[in-house]
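Counting starts at 1 for both ligands and their atoms, following the listed order. Below, all heavy atoms of this structure are taken into account, side chains as well, without hydrogens, waters or symmetry copies.
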Amino acid sequence: MCSPRFFRVEYEINPWMDTGVPVDADLAVKQWERLRETLVELGHTVHTLDPDPALPDMVFAANGAFTVDGVAYGARFRFPQRGAEAAAHRAFYAAHGWPYTEPVEINEGEGDFAYLPGVAGGLILAGYGFRTAPPAHAEAVEVLGRPIVPLRLTDPRFYHLDTALAALDDHTIAYYPGAFSEASQRVLHRLFPDAVLADEADALDFGLNLVSDGRHVVLNGDAAALATKLAAAGFTPVPVELTELKKGGGSVKCCVAELRPPPPTTTDPPTPR
Ligand code: ARG
């Protein structure tokens, strides 16, 4: 995660951003701190990057890379205003000894990649249409060695995959079908017939921009209707207020880059002869 100490809306690169609307940076920091504490209370380890005053969107840490099994596939941002964020993430992975691949293709990290470890040996769902370039999907396959399902986003309000779809546990997703092309909707329905379906209002509440540990689902407090659907599906919703960051076009998930470490090596005793 990265503190929104320098968060501002000083350019418009998605339909949620309006440079004419004032942002309360102190409130943004308070709300973000509450999100961080919530994740810690749920038992997660949270690392933070130092915010850079020249990078007002750096709070949206999910966009900095995508990791699977201890390997990081770096980001290359679509818009120059965010370009320098990638190096800060790269430095984090280098400092922590993670293999890191610098991408050739434009991709915005976990903003456009979701991971389902329990499907097909580890399935990546990948968005395109607004930010991530389709060739990045093939590049990610080569770096991460996992199958990828490309999904076309068609509604500019849901410009990143993580505004329209979320992994709830190893094999379950929630998504808003209307954010995807008809063919992509069919693909999602075939792969995930038991998904939690969100409607347009849930998606506009940024409800799908969530972080789940498989049981607790941390999501934007505005998304009460989606919280009810998640509870009915057996999950425990944990609402947090992030009104200020919504002005930048992001919520819970955008603030969190998930670190997926290597699987534990099995220490089975040698087979007796
Ligand atoms: N203002 C940022 C942008 O438009 C918001 C990024 C939100 N991040 C996300 N993972 N959806 O790039």
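No side-chain N or O of E258 forms a donor-acceptor pair with one of T67 less than 3.5 Å apart. No hydrogens or angles considered: a donor-acceptor pair under 3.5 Å links the side chains of Q31 and T243.
With sequence neighbours left out, the salt bridge (charged side-chain N to carboxylate O under 4.0 Å, His left out) criterion links D155 to R157. A search for ring-ring contact (aromatic ring centres under 6.0 Å, His included) contacts involving F92 returns H47, H96, not counting sequence neighbours. Residues passing the ring-ring contact (aromatic ring centres under 6.0 Å, His included) test with W16, sequence neighbours excluded: F206.
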Report every pair formed by an N or O atom of ligand 1 and a protein N or O atom separated by less than 3.5 Å, giving atom names and the distance to 0.1 Å.
from     : atom 1 : to   : atom 2 : distance (Å)
ligand 1 : 1 (N)  : D57  : OD1    : 3.1
ligand 1 : 1 (N)  : D57  : OD2    : 2.9
ligand 1 : 1 (N)  : G248 : O      : 2.8
ligand 1 : 4 (O)  : N14  : ND2    : 2.7
ligand 1 : 4 (O)  : R131 : NH2    : 2.8
ligand 1 : 8 (N)  : N63  : OD1    : 3.0
ligand 1 : 10 (N) : N63  : ND2    : 3.2
ligand 1 : 10 (N) : D162 : OD1    : 3.4
ligand 1 : 10 (N) : D162 : OD2    : 2.6
ligand 1 : 11 (N) : H160 : ND1    : 2.8
ligand 1 : 11 (N) : D162 : OD1    : 2.8
ligand 1 : 12 (O) : R82  : NH1    : 2.7
ligand 1 : 12 (O) : R131 : NH1    : 2.9

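At most 12 heavy atoms of other shown residues, nucleotides or ligands fall within 6.0 angstrom of atom CD in E182.
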